Amino acid sequence: MKQSKYFIPTLKEAPSDALIPSHILMLRAGLVRQLASGIFSFLPLGYKIKKKVIEILRREMDAIGGQEFLLPALNPIDIWEQTGRVEAMGDVMFHIKNREGLVLAPTHEEIITYHARQHVKSYRDMPQIWYQIQNKFRNEPRPKSGVLRGRQFTMKDSYSLDATFEGLNESYEFHRTAYQKIFDSIGLKYFIVSASSGAMGGRQSEEFMVESDSGEDTCAVCDDCGYAANFEIATSDVEPVGRIQSDDHYEEFATPNAKTINELIVQFNLTEDQCAKSVVYIVDSAPVLIFMRGNDEMNETKLQSIFKTNQVRPAEADELVKYFGASTGSLGPINIPTKIKVIADLRLKDANGLVSGANKDGYHFKNIDFIRDCNINEYHDLRTVSAGEKCSKCGSALRVVKAIELGHIFKLGTKYSEALGAHFLDAAGAEHPIIMGSYGIGVERIIACYIEQNYDDHGIIWKKALTPFQVHLIGLNFTKSPETAEVSERIYKRLTDAGWEVLFDDRTDSPGIKFNDADLIGIPVQIICGPKNISQGKVEVKIRHNNERSTVDEAEIELILSEFYK
RNA sequence: CGGGGCGUAGCACAGUCCGGUCAGCGCGCCUGCUUUGGGAGCAGGAGGCCGCAGGUUCAAAUCCUGCCGCCCCGACCA
C-alpha cells in the first residue's frame, strides 16, 4: 500500500477530548474518529487492525468447534419480554421509536435460545458452540475513555448448548483456554478473576482483566500466589472479632457527639473490633439491618448475590426513623421497634462485648453479645477487602487495582432456555431445559488495552499479531534522488510480491514528518531508504520497539523480516 | 440522572468578567521558489452564521433565557 494514496490522517496534537493514552493515540495515528458520544468510525488503518483482532478471534473459536452465526441487531421486543430482560436492561436497551416492537440488541442470549428452541430437540444435537462477531448497541448513560465504553461496539459473543452440566463445564473450559490463547497471541498482559454472577443467577463466572487506571472494575490480586478476584466477590484473611471473657449485661450510655465509628472510638476509648456498625438497606422494598465490624465497608454486590436481586439501595433518613425510631449513628440490634431482617458480616459471627446503637438518638449500648442479646438471622461474607489485607490463599498482602474487563465467561445454566421453553429430550425420553453458557470479548477493548500496554513518547508499538502492516518502507528525498525512488519502488514490489504486507511511504514530505508518522503508527519494522545508504547498496532497518537500527544490504531484507516474523 | 467544565477555521487555543477597536494566533491546508536523515525557509493565498434559537441594546463571540452537543467526577453497567 502506497501511503501517498492511503488515508491516514495523523495528528500532531491530541484532540482535547482525549485524555487516556489509547484514546489519544488512536486519534493521532488516524485509526478512528469520533462521530458522537460513544460512537466511533474506524478509518482504514484502524479497521485493518480490527480485522486482525477478528481473525484471531475467529481462528480460536473455530478451533474449539465454534460455528459462526450472524444474528440480527434488530430484534423483536417480545422475545426480550419473555425473559424479563426488557425490564432488567431498562434504559440500556435502545428502543426503535417509529416501528413498534423492535429493539436494538445489547447482547444475544435470547436470539440464540430462540434458534436453539427451534431445532435443538435431542441430547444428540449437543454440544453446540455458536458464536458471532457483531455490533452491539447499549445506551450507556455515560460513554467514556474513547472506545473503551461506547454505545455501539463490536463483540465476539458465543454461547454453548449442552445436555448436561458436565458438558457445560467442558464447553466453559474450552472457552477459557481459547480466551487465554487469544490474549496470549496478541501479547496482552492480563489476569483472570472470579466474578460475580450477581442477580443473573448463573453458576460460575470469570473475567479476563487488564490492569489499568482507566479501568472501571476493581480487583484484588495477589502477586505471590496468583489469586485474583473482582472486588464484588473478593475475600481476604481477616481476624474474626470473636468472644471475650465477660458476662456483663448490655448497658446504655450517652453518646451525644458520636455518630460515626471513628468518633465512638476516639471519645470512648474503644477499638474497631468492639464496634458493630449498623447499615440499613432496602432489599426488594423490605428493610434489612446489616452489621459490619468497625469501619469495614459493606459490599453491595455481595448483598445482591445473597438476596438474589439487584433491587438494593441504602435506606433513606426518613425510612430509618420509620423503622428504628432513631437516625443514622444510633441504630443497633437491640430494641428494634419493627420486625426486620438482621444479618451480619462473618467477621462478627457470635461476637460479644460489642458497642452498637441503642435505637435512641444519642445513645449506644455496650457489652452486647450477639448470641445472648440479639437475633442475628444470618451471617454472610459482606465486607469489601482493602489493599494490604492478607491473601486468604497464601497470606501475602493483596493489591487492589483498577482493571478493564476484556472478556467474560459465564455458566448461564437454564435461565434462558427455561424462560423461552428451549427443551430437549434425554436418552430416557425425559424433557429438560438446554444448559447454556455465554462468553464475550470486546473487540475495541482489545485494541485499546493493547495500546495502553504498548506505547512510548513517539506513538504506538505494534507486535506482529495486530500490526496493520508488517513492514513500513520509508523512502526519503525522492525529488532530489530519483535513484532512491527507483530502489524503494523495487523493494516495495519485491516484498509485496513475496506476500509481505507493506506500507510504503512514498510521499514527498520531509524526512522528519515521515519518521514521526512512522513511529506514531508503530509498525514493528521500518525499512528506511535514503540516498546515502542507497549509494552503498544498503538500506537501514529500524525495529520500532527497541529502536535498534542496522544498515543492511538490500538483499538481506527478506531474511530479516522472516526472522522477525517467524 | 446529580455535580463540574467546555463549545470561536481540520487540530490546539486567545478574546467573553468590563458590549463597539474583533474575526485573531500557532499548527495543518493551497500556489510558487528554495529545501530534504527526526514535524524546513521565504512569499502569496483559501478557509468562520464565534454550537442553535430567542431576547436586551443604536450595537452582541462578549449580557440574559431556553435548547443542543462534547468531556470529566459520581450514580448506573446482562
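Here the structure is a predicted model, which means the values were calculated and not measured.
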Aromatic rings [X] and [Y]: how do their planes relate, parallel, tilted or perpendicular, breaks at 30° and 60°?
X        : Y        : answer
A:His545 : A:Phe564 : tilted
A:Phe94  : A:Phe137 : perpendicular
A:Phe410 : A:His408 : parallel

Q: Give a yes/no verdict on a cation-pi contact between A:Lys136 and A:Phe153, requiring under 6.0 Å between NZ or CZ and the six-membered ring centre and an angle within 45° of the axis.
A: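 Here A:Lys136 fails the 6.0 Å and 45° test against A:Phe153.
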Under 4.0 Å, heavy atoms only, any strand: does [X] hit a base, just the sugar-phosphate, or nothing?
X        : answer
A:Arg313 : nothing
A:Lys136 : nothing
A:Met93  : nothing
A:Thr107 : nothing
A:Asn477 : base
A:Pro143 : sugar-phosphate
A:Ala36  : sugar-phosphate
A:Ser145 : sugar-phosphate

Provide the Watson-Crick or G-U wobble partner of [N], both distances under 3.5 Å; none if there is no partner.
N     : answer
B:C6  : B:G69
B:C1  : B:G74
B:A43 : B:U31
B:A14 : none

Distance between the [atom1] atoms of [N] and [M], in whole angstroms?
N     : M     : atom1 : answer
B:U34 : B:G26 : P     : 25 Å
B:G3  : B:C67 : P     : 14 Å
B:C50 : B:A60 : C1'   : 11 Å
B:G19 : B:U57 : C1'   : 9 Å
B:A23 : B:A46 : C1'   : 16 Å
B:G45 : B:C64 : C1'   : 40 Å
B:G54 : B:U62 : P     : 14 Å
B:A14 : B:G7  : C1'   : 15 Å

Rounded to whole angstrom units, what separation is found between the [atom1] atom of [X] and the [atom2] atom of [N]?
X        : N     : atom1 : atom2 : result
A:Lys532 : B:G38 : NZ    : P     : 8 Å
A:Asn516 : B:C11 : CG    : P     : 21 Å
A:Glu316 : B:A75 : CD    : C1'   : 13 Å
A:Lys144 : B:C1  : NZ    : C1'   : 16 Å
A:Leu35  : B:C71 : CG    : P     : 12 Å
A:Arg149 : B:C73 : CZ    : C1'   : 15 Å
A:Ile513 : B:C11 : CD1   : P     : 19 Å
A:Glu216 : B:G74 : CD    : P     : 9 Å

Q: With RNA chain B as reference, determine whether A:Ile534 or A:Pro106 sits nearer its 5' end, using the nearest nucleotide of each.
A: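 By nearest-heavy-atom nucleotide position, the 5'-most residue is A:Ile534.
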Q.
Pick the closest RNA chain B nucleotide for A:Glu300 and for A:Asp517 by heavy atoms, then say which residue is nearer the 5' end.
A.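 By nearest-heavy-atom nucleotide position, the 5'-most residue is A:Asp517.
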Spell out yes or no: do the side chain of [X] and the base of [N] have one donor N/O and one acceptor N/O closer than 3.5 Å?
X        : N     : value
A:Asn533 : B:G37 : yes
A:Glu540 : B:G37 : yes
A:Arg142 : B:C76 : no
A:Asp519 : B:G38 : yes
A:Arg549 : B:G38 : yes
A:Thr479 : B:U36 : yes
A:Glu13  : B:G26 : yes

Q: May I ask you to evaluate whether A:Ser16 reaches the phosphate of B:C13, defined as a side-chain N or O under 4.0 Å from OP1 or OP2?
A: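 It does, given that an N or O in the side chain of A:Ser16 lies less than 4.0 Å from OP1 or OP2 of B:C13.
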(Q) Less than 4.0 angstrom between a side-chain N/O of A:Ser510 and OP1 or OP2 of B:G39, yes or no? (A)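 Result: no.
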Q: Let me know which of A:Ile290, A:Ile306, A:Val288 forms a side-chain contact (heavy atoms from CB on, under 4.5 Å) with A:Val283.
A: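 Between A:Val283 and the candidates, side-chain contact (heavy atoms from CB on, under 4.5 Å) is satisfied uniquely by A:Val288.
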Q | A:Phe208-A:Phe183 aromatic ring centre distance below 6.0 Å | A |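 Under 6.0 Å, so yes.
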Q) Out of A:Gln526, A:Gln3, A:Lys542, A:Arg544, which one pairs with A:His472 under the side chain to side chain donor-acceptor pair (under 3.5 Å) rule? A)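 Between A:His472 and the candidates, side chain to side chain donor-acceptor pair (under 3.5 Å) is satisfied uniquely by A:Gln3.
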Q | From B:G38, B:A12, B:G39, nucleotide with atom closest to A:Lys12 side chain | A |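 Given the options B:G38, B:A12, B:G39, the side chain of A:Lys12 is closest to B:G39.
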Q) Any idea which of B:C72, B:U36, B:C76 is nearest the A:Pro141 side chain? A)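 Given the options B:C72, B:U36, B:C76, the side chain of A:Pro141 is closest to B:C76.
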Q: Might you point out which heavy atoms bring A:Gly475 and A:Phe504 nearest each other, and give the distance in Å?
A: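 Taking every non-hydrogen atom into account, N-CE1, 4.4 Å.
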Q | Smallest separation among heavy atoms of A:Tyr492 and A:Met1, with atom names | A |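 A:Tyr492 and A:Met1 have their closest heavy atoms at OH-N, 2.7 Å.
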